[in-house]
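FYI, side chains are in, hydrogens and waters are out, and symmetry mates aren't considered; it's all heavy atoms of this structure.
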Amino acid sequence: MTPATAVAKAAAHSADIVSLHYRITGTVPEEGRLEADAFMRTDPPAMSMELSTAGRSGNGRLPVRFVDGVMYVGGAAKGRSWFRADPAAWGGLTVDNDSYGVLPRQLEGSPVVQSTLLTGSEDVRRVGTETVDGARTTHYRGTVTFDGLRAARDAAPDEATRERRVESLDQFMGLRVSDTLTMDLWVDGDGRAKRFRWQARTDGARGGTGGGPLDLTVTFLDVDRPVTIEAPPAEDTAALVEDAREVLG
C-alpha cells in the first residue's frame with residue numbers, strides 16, 4: 001500500500017485503543033530533557049505519569065495525573081502530597097489559551113490522537129524497516145502543517161474520522177508550532193502505531209515565554225491492558241493557586 005494509505009490505516013486502528021502504557025523521551029522548551037513513563041485510558045479519559053526533566057531539582061520523578069478534567073501534580077504543600085489544578089487554573093485543552101507552556105499541553109493530550117497527526121502530511125514517505133521495542137516496524141516520515149491538517153479534516157471519509165482529525169488539529173494548534181512539524185511514525189506488523197517522533201520549533205506563550213525546540217519521541221509499550229487511574233484522596237490535595245507552569249517548571 002502507499003505510505004499515505006498505511007498511515008491512514010494506522011490512524012484508524014488507533015481509534016480502537018482503550019488503554020495504553022507508553023514512554024516519552026526528548027526535549028521541550030524551557031524544561032530541556034524530559035523522560036516519562038505513563039498510563040492512560042480513553043473512557044473515561046485519564047492519565048497517570050511519572051515525569052522527570054533536566055531542569056528539575058531533587059531526586060526521583062514527579063507524579064502527574066489527569067482525572068475528570070483536573071490536573072494533579074505531586075508536591076508537598078500544607079502537609080499534603082498533591083497540588084490540584086482545575087482547568088480554569090491551567091487552561092484546559094482549548095486552542096485559544098496560551099497562558100502556560102508546551103509541557104502541560106503535551107501531558108494533557110492523548111498520545112493516541114497525537115500518533116495520527118501524520119495523516120495531515122502531504123509528503124509522507126516510507127523510510128525503511130526498523131525494530132522498535134522488539135517489534136518489527138515500517139518507518140514513515142512527513143511534514144505536518146496547520147493547512148495540511150485542516151485539509152485532511154475536510155476530506156475525512158466519515159464523521160468518526162473527521163472528529164479524530166478535529167482533535168488532532170486542536171492538539172497541533174495547542175503546541176504552537178512556529179511553521180512545520182516533522183513527524184516520524186513507526187507502524188508494526190498489525191498496522192498499528194508503535195512509536196512516533198515530533199521535531200519542530202514552537203512559539204512562546206503570551207508574554208514571549210515557552211518558545212524553543214521541541215523534539216519528543218513516544219513509544220507504545222502495552223496496548224489495551226487493564227489500567228487503573230484514580231484521583232488522589234481529597235484530604236491529601238491542596239488547591240493550586242499559581243499557574244500550573246510554575247509547578248511544572
**Request:** Would you indicate whether the side-chain heavy atoms of R197 and D215 approach each other to under 4.5 Å?
**Result:** yes

**Cluster overlap L51 with M47, hydrophobic side-chain contacts below 4.5 Å** = yes

**Asked** In terms of hydrophobic clusters joined by side-chain contacts under 4.5 Å, are V70 and V227 together?
**Response** yes

**Request:** With the side chain counted from C-beta on, respond yes when T137 and V187 share a heavy-atom pair under 4.5 Å apart, and no when they do not.
**Result:** no

**Asked** For residues 119-130, which residue pairs qualify under side chain to side chain donor-acceptor pair (under 3.5 Å), counting only residues two or more places apart or in two chains?
**Response** S121-D123, D123-T143, T129-R136, E130-H139, E130-W186

**Message:** Between D188 (side chain only) and D190 (backbone N and O only), is there a donor and an acceptor less than 3.5 Å apart?
**Reply:** yes

**Q199 CD to T180 OG1 distance, which is reported to the nearest 0.5 Å** = 12.5 Å

**Message:** Measuring only between side-chain heavy atoms, which start at C-beta, is R192 closer than 4.5 Å to F220?
**Reply:** no

**Prompt:** What side chain to side chain donor-acceptor pair (under 3.5 Å) pairs are there with at least one residue in residues 219-228, not counting sequence neighbours?
**Reply:** R195-T219

**Request:** Please work out whether the ring planes of Y72 and W82 are parallel, tilted or perpendicular, with thresholds of 30° and 60°.
**Result:** perpendicular

**Message:** Test of understanding: clusters of I, L, V, M, F, W, Y form through side-chain heavy atoms closer than 4.5 Å, transitively. Do M183 and F146 belong to the same one?
**Reply:** yes

**Item:** Non-hydrogen side-chain atoms of P45 and F66 separated by less than 4.5 Å
**Value:** no

**Prompt:** Could you state the interatomic distance from CD (E50) to CZ (F39), rounded to the nearest 0.5 Å?
**Reply:** 9.5 Å

**Request:** Would you check if T217 and R23 make a side-chain contact, meaning some heavy-atom pair closer than 4.5 Å?
**Result:** no

**Prompt:** Same cluster or not: are I17 and M40 linked, directly or through other Ile, Leu, Val, Met, Phe, Trp or Tyr residues, by side-chain heavy atoms under 4.5 angstrom apart?
**Reply:** yes

**Prompt:** Distance from T237 atom OG1 to F83 atom CZ, nearest 0.5 Å?
**Reply:** 11.0 Å

**Message:** Just verifying a value: how many Å separate S115 OG and K194 NZ, rounded to the nearest 0.5 Å?
**Reply:** 12.5 Å

Show me, pair by pair, the donor-acceptor contacts under 3.5 angstrom made by side chains of residues 8-15, not counting sequence neighbours?
{"unit_1": "S14", "atom_1": "OG", "unit_2": "A10", "atom_2": "O", "d": "3.1"}

**Asked** Can you check whether F196 reaches L118 side chain to side chain, under 4.5 Å on heavy atoms?
**Response** no

**Fill in**
Residues P111 and L20: closest non-hydrogen pair is CG-CD2, 3.8 Å

**Message:** Tell me whether R41 contacts the main-chain N or O of I229 through its side chain, where contact means a donor paired with an acceptor under 3.5 Å.
**Reply:** yes

**Item:** Separation between OG1 of T25 and CG of L216, rounded to the nearest 0.5 Å
**Value:** 7.5 Å

**Fill in**
Closest non-hydrogen contact found for H21 with A38 is CD2-O, 3.1 Å

**Message:** If hydrophobic clusters are built from ILVMFWY residues whose side chains come within less than 4.5 Å, do L62 and I24 share one?
**Reply:** yes

**Request:** Answer whether the closest heavy-atom distance between the side chains of L149 and V144 falls below 4.5 Å.
**Result:** yes

**Message:** Nearest 0.5 angstrom please: R80 CZ to D236 CG, how far?
**Reply:** 8.0 Å

**Asked** Does CD in E230 sit with more than 12 non-hydrogen atoms of other residues, nucleotides or ligands closer than 6.0 Å?
**Response** no

